[in-house]
Amino acid sequence: MNLTGNDLKTIGFTQGKAIGFALDIIKKEYAALKQEDQLILLRQVLENPSAFIDDEKLSPIVKELLKPADDTIALEESGKSYKIYGAEAIEEGALNQMAIAMRLPVTVAGALMPDAHQGYGLPIGGVLATKNAVIPYGVGVDIGCRMCMTIYDLPPAILEEKKDEFKKMLVNNTKFGTATFKKPKDHEVLERTEFKELSIVRQMKDRAWQQIGSSGGGNHFVEFGIVEILSPVNEFNLPVGEYIALLSHSGSRGLGANIARHYTQIAMDNCKLPQEAKHLAWLDLDTEAGQEYWLAMNLAGDYASACHHQIHERMAIGLRETPLAMIENHHNFAWKEKDILGNDIIVHRKGATPAGEGVLGIIPGSMASPGFIVRGKGLAASINSASHGAGRLMSRTKAKQTILPGHVNKVLTQAGVELIGSGLDEAPMAYKDIHQVMEHQKDLVEVLGSFMPKIVRMCGDERFKEVD
DNA sequence: ATGTTC
C-alpha cells in the first residue's frame, strides 16, 4: 500500500509540488521502509528541511519546501476593453499603463480621458472601476486634489482697473510651496476622529493644522479671472454674461501624500503583482487596511476641500463680497458608485472629473487659456467621467529645457494674463490645446461657461521673467 | 503631488 497525498497533508505538507516529489521519492527509494517509518522520515524533512539539503535522495523535496511561496497574483490574459477619448493625442506610455490596469482580476471597467498621460501605476486621466477593492495609486498621491470656483457679482473691468489690489489679495491670502500661514484658520475637519483613530493620520495632525489653507506647488494655482456664463439655463440662476471669479486648484498637502505613501506600501506588501503592475496593488475593502484607507482617503478629500474653502473665504473677506455661486469637484479620488446594472463598483478617478448626469465640475485649461464650467452627461462608457484639464504636452523636464522665458511672457501679455510665481514647466505651451481636448469629450460634458485667467498665482519665484 | 526616496 503506497502513501497518498492525503497522508502527507495529515502530517503537515501543504505545497502540491513538494507532495508530488515526496510521493515519488518514497516510492522509488524508500519502498523497503514500513509506511509509518516513511511518514516519520518525511515529518523530519518537513520539520527541518535544511538538515536534508545535501541528502542525495531527499533534496528535491527540500528545495521545494525552501522555495519562497509564490503569492504573485496573475494578471488576466486579455484585458477588458475600455473606451479611449481622443486617442490620437494620448502618449503610448499612458495606453500601456491602462492596458495593464484592465488586466487586473479586480477590474470591471475602465476609460481613458483625452488629457491622459503616463503616471505612477494608473495613468493620469485614467478611470478604473473595480469590485470591492481600492488601489491607492489609482487615486493618486495627492488625494482629493480638486477645483473650486466662486463667482462674484463684480464687473470684469475692475480686474484691470484695480489690478494691484487683486494681486495684493492673492499674495497676502495664498501660500505656495513650503510656506504656510503664521496663524492658520481653524476648521472642523481638524476635529475629525480619524486624527485619533488612524496612526498615520495621527502622525500628520500637526502638519495638517499648519498647512491648512495653503496651496502647495506643481500645477496648483489660485487665480482671478473672467467667467462667461454661456448657457441661459444654469444651476446658478445667472444671466448670460461676464463675471469675476476666483478659481483654485490644490489638494490635501502633506496629509494626503503620507496617507497615499503609507497605504500604497501596505497594498504592495500584501498584494503582489507582476513587476509591470506592482504599483496597481489594491486593498480589499473587507480588510482592516482597506477600511482604514477608505476613511483616511475621505478625510484627505475633506481636508483638501477645507483648504479651498479657506482660500475662498479669505478672498471673499478681501473683496467684501458674497459669492453668487460656488462650483467644486475632486479629480483625484475613489467613489462607491453603481454600474449600469446596479452593481456596486469602486470608481477611481486619477486626474478625471466626475461627470455623472447633471453633475457640475470645473475643467481648467492653462494659465493663458480658458477653463470650463461643465455639466456631466452621465455617459456610461466614460464611467461618468471627463478630463481634469488640458493634459501635459511635454514633461516638466522637457518644458524647462525647451521653453523660452521671453516666449512665455509674450504669450501671457497677448492673453492679458498677469502672473505671480510659477516655473517654465507650467507654461501654457507645456499643455495640450484645451479646445481640442473639449472637442474630444463633447459627449461627456456640456459646457455651461468659460473662465479666462487674468491674475494667476502659482508656486515659484519670478526670476525667469527677468531673463528676457 | 510630497519637507520632493525611510
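Please read these numbers as outputs of a predicted model, since none were measured by experiment.
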Whole angstrom value for the distance that separates [atom2] of [N] from [atom1] of [X]:
X	N	atom1	atom2	result
A/M147	B/dA1	CE	P	12 Å
A/Y120	B/dT2	OH	P	16 Å
A/F333	B/dA1	CZ	C1'	16 Å
A/Y303	B/dT2	OH	P	11 Å
A/H220	B/dT2	NE2	C1'	10 Å
A/L255	B/dT2	CG	C1'	12 Å
A/R253	B/dT2	CZ	C1'	8 Å

### Query
Within a strict 4.5 Å, meaning less than it, do heavy atoms of the A/L319 and A/F166 side chains meet?
yes

NA contact type, [X], heavy-atom cut-off 4.0 Å: base, sugar-phosphate, or nothing?
X	result
A/Q265	nothing
A/R207	base
A/G218	sugar-phosphate
A/G140	nothing

### Message
Suppose we screen for side-chain contact (heavy atoms from CB on, under 4.5 Å). Which residues come up paired with A/K185, at least two apart in sequence or across chains?
### Response
A/Q310, A/E313, A/R314, A/I317

Between [X] and [Y], is NZ or CZ placed under 6.0 angstrom from the six-membered ring centre and within 45° of the ring axis?
X	Y	result
A/R392	A/Y431	yes
A/K80	A/Y82	no
A/K205	A/F195	yes

### Message
Between A/D302 and A/R192 (salt bridge meaning N to carboxylate O under 4.0 Å), is one present in this structure?
### Response
yes

### Message
If the cut-off is 4.0 Å, is A/N219 near the phosphate of B/dA1, judged by side-chain N/O to OP1 or OP2?
### Response
yes

Listing time: all N or O pairs from protein to nucleotides 4-6 of chain B that are below 3.5 Å?
none

### Query
What about A/H249 and A/H331, are their ring centers closer than 6.0 Å?
yes

